[in-house]
Amino acid sequence: PLRSKGMGLSQIVHRDNHVLAMGKPAGLPVVPDSSADESLLDQGKIWLKQEFHKPGKVFLGVVHRLDRPVSGVVMFARTSKAAGRLSEAWRRNDVSKIYWAIGSGTVNEDSGELEQWLLKDRARNIVHAVTPGVEGAKKACTHWRVLGRSKGNVFLEMEAITGRSHQLRVAAATLGVPLLGDLKYGACEPLSDRSVALHARRLEVPHPTRDERVEVEAPLPEIFARLWKP
């Protein structure tokens with residue numbers, strides 16, 4: 001585990017010559033941002049430099065991201081070849097992205113598919129579901145199923161078929177079960193660690209250099225485990 005100051009632990013969950021996958025704690029940015037806080041990318045480079053005694057700068061390519069208050073698995077490319085091929089897999093949607101989430105309230109159905117058109121307000125960093133045809137809106141598709149219901153909350157498994165900004169957070173709000181801690185999309189109060197109850201549980205992608213798929217999982221964060229005992 002790699003400690004993030006005030007933000008829990010990052011973990012290495014998979015590594016080979018072309019891929020590095022890490023479990024990101026909520027609150028840690030994937031890449032450096034205006035906060036100047038250490039990022040998951042920074043931690044990955046430091047770990048590789050120390051683990052393999054690499055001189056000079058370490059290459060680590062960013063192929064996807066998670067929102068800062070969201071925890072879960074993030075995959076980086078260790079070579080430029082891997083970066084190009086993994087990025088292409090994301091563009092083709094040849095990636096399986098499974099999330100676990102806790103929403104406030106309940107839904108009557110046990111599973112479903114939600115199609116929406118999402119428009120991002122970049123100035124406010126918020127996404128709105130709009131009617132089809134609105135200029136700039138992008139189609140988002142989410143599969144979901146209920147894993148459990150308890151104490152006024154619903155526990156969901158959500159699969160992001162597309163990869164739109166804030167897609168699952170908006171989907172949960174649309175289903176009438178805003179994610180715990182997600183003040184931006186309808187939660188009533190923050191969680192103690194300021195996270196959103198959304199965890200990127202599992203990621204499956206075609207390996208960039210081998211004829212196989214690589215599947216990685218990130219363990220549940222402590223606060224998530226406290227909120228839900230599956």
Side-chain angles (χ1 to χ4, degrees), residues 24 26-37 39-41 61-77 83-105 107 109 111-145 156-188 190 194-206:
K24 183 184 89 68
L28 187 71
V30 171
V31 297
D33 60 17
S34 59
S35 70
D37 291 337
S39 69
L40 191 69
L41 178 65
V62 178
V63 294
H64 72 118
R65 306 185 188 196
L66 292 179
D67 293 341
R68 184 163 181 160
V70 174
S71 62
V73 63
V74 177
M75 184 173 288
F76 297 104
R85 292 180 179 177
L86 288 172
S87 295
E88 178 60 25
W90 255 269
R91 282 193 291 270
R92 295 195 313 266
N93 278 335
D94 189 16
V95 180
S96 174
K97 298 164 286 186
I98 303 296
Y99 293 73
W100 284 1
I102 308 177
S104 176
V107 288
E109 299 84 4
S111 64
E113 179 178 325
L114 185 63
E115 287 191 355
Q116 299 179 284
W117 288 85
L118 303 181
L119 182 65
K120 186 167 187 176
D121 181 341
R122 297 190 179 278
R124 298 170 57 211
N125 191 30
I126 194 166
V127 173
H128 300 281
V130 297
T131 55
V134 172
E135 184 178 356
K138 296 180 178 180
K139 187 178 181 180
C141 182
T142 302
H143 293 170
W144 61 271
R145 68 185 182 98
L156 298 171
E157 181 174 272
M158 308 181 82
E159 182 176 7
I161 305 303
T162 50
R164 308 306 182 196
S165 181
H166 296 190
Q167 174 179 329
L168 301 183
R169 297 166 68 179
V170 175
T174 300
L175 291 171
V177 287
L179 300 180
L180 298 185
D182 199 355
L183 303 179
K184 187 169 286 190
Y185 294 106
C188 297
R194 316 295 295 183
S195 69
V196 168
L198 181 63
H199 178 72
R201 175 63 171 172
R202 186 167 67 252
L203 185 62
E204 181 188 313
V205 302

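In this chain, numbering begins with 1 at the start of the sequence shown.
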Quick one: closest heavy-atom pair of Thr142 and Ala171, and the distance?
OG1-CB, 4.1 Å
For His64 and Val74: C-alpha separation, side-chain torsions, deciding distance, then whether side-chain contact (heavy atoms from CB on, under 4.5 Å) applies.
CA-CA 7 Å; His64 72 118; Val74 177; 3.8 Å; yes
dist Leu41:CG -> Phe76:CZ (nearest 0.5 Å) comes out at 5.0 Å
Identify every side-chain donor-acceptor pair in residues 124-141 under 3.5 Å, counting partners at least two apart or on other chains, and give the distances.
residue, atom, partner, partner atom, Å
Asn125, OD1, Lys120, NZ, 3.4

Please name the pair of heavy atoms, one in Pro206 and one in Ala89, separated by the smallest distance, quoted to 0.1 Å.
CG-CB, 3.9 Å
Under a 4.5 Å cut-off applied to non-hydrogen side-chain atoms, are Ser96 and Glu159 in contact?
yes
According to side-chain contact (heavy atoms from CB on, under 4.5 Å), who are the partners of Arg201, at least two apart in sequence or on a separate chain?
Trp100, His199, Glu217, Leu220
Name all pairs fulfilling the salt bridge (Lys or Arg N to Asp or Glu O under 4.0 Å) condition that reach into residues 167-181, sequence neighbours left out, sorted by first residue then second.
Asp67-Arg169, Arg169-Asp182
Can you name the side-chain contact (heavy atoms from CB on, under 4.5 Å) partners of Ser35, sequence neighbours left out?
Asp33, Asp37, Arg68
Find the distance between CG (Leu28) and CG (Leu66) and round it off to the nearest 0.5 Å.
10.5 Å
Looking at OG1 of Thr162 and CG of Asn93, how far apart are the two atoms once the value is rounded to the nearest 0.5 Å?
7.0 Å
Can you tell me how far CD of Glu113 sits from CZ of Arg145, rounded to the nearest 0.5 angstrom?
15.0 Å
For Ser87, which residues count as a side-chain contact (heavy atoms from CB on, under 4.5 Å) partner, sequence neighbours excluded?
Val63, Arg91
Rounded to the nearest 0.5 Å, what separation is found between the CG atom of Leu86 and the CE atom of Met75?
6.5 Å
For the pair Tyr185 and His166, name the ring-plane relationship: parallel under 30°, tilted 30 to 60°, perpendicular over 60°.
perpendicular
Where is the tightest heavy-atom contact between Ala187 and Pro178, given as atom of each residue plus distance?
N-CB, 3.9 Å
More than 12 heavy atoms of other residues, nucleotides or ligands under 6.0 Å from CZ of Arg92: is that the case?
yes
With Ala160 via side-chain contact (heavy atoms from CB on, under 4.5 Å) - residues at least two apart
Lys97, Tyr99, Gln167, Leu168
About how many Å separate CG of Leu179 and OG of Ser104, when rounded to the nearest 0.5 Å?
10.0 Å
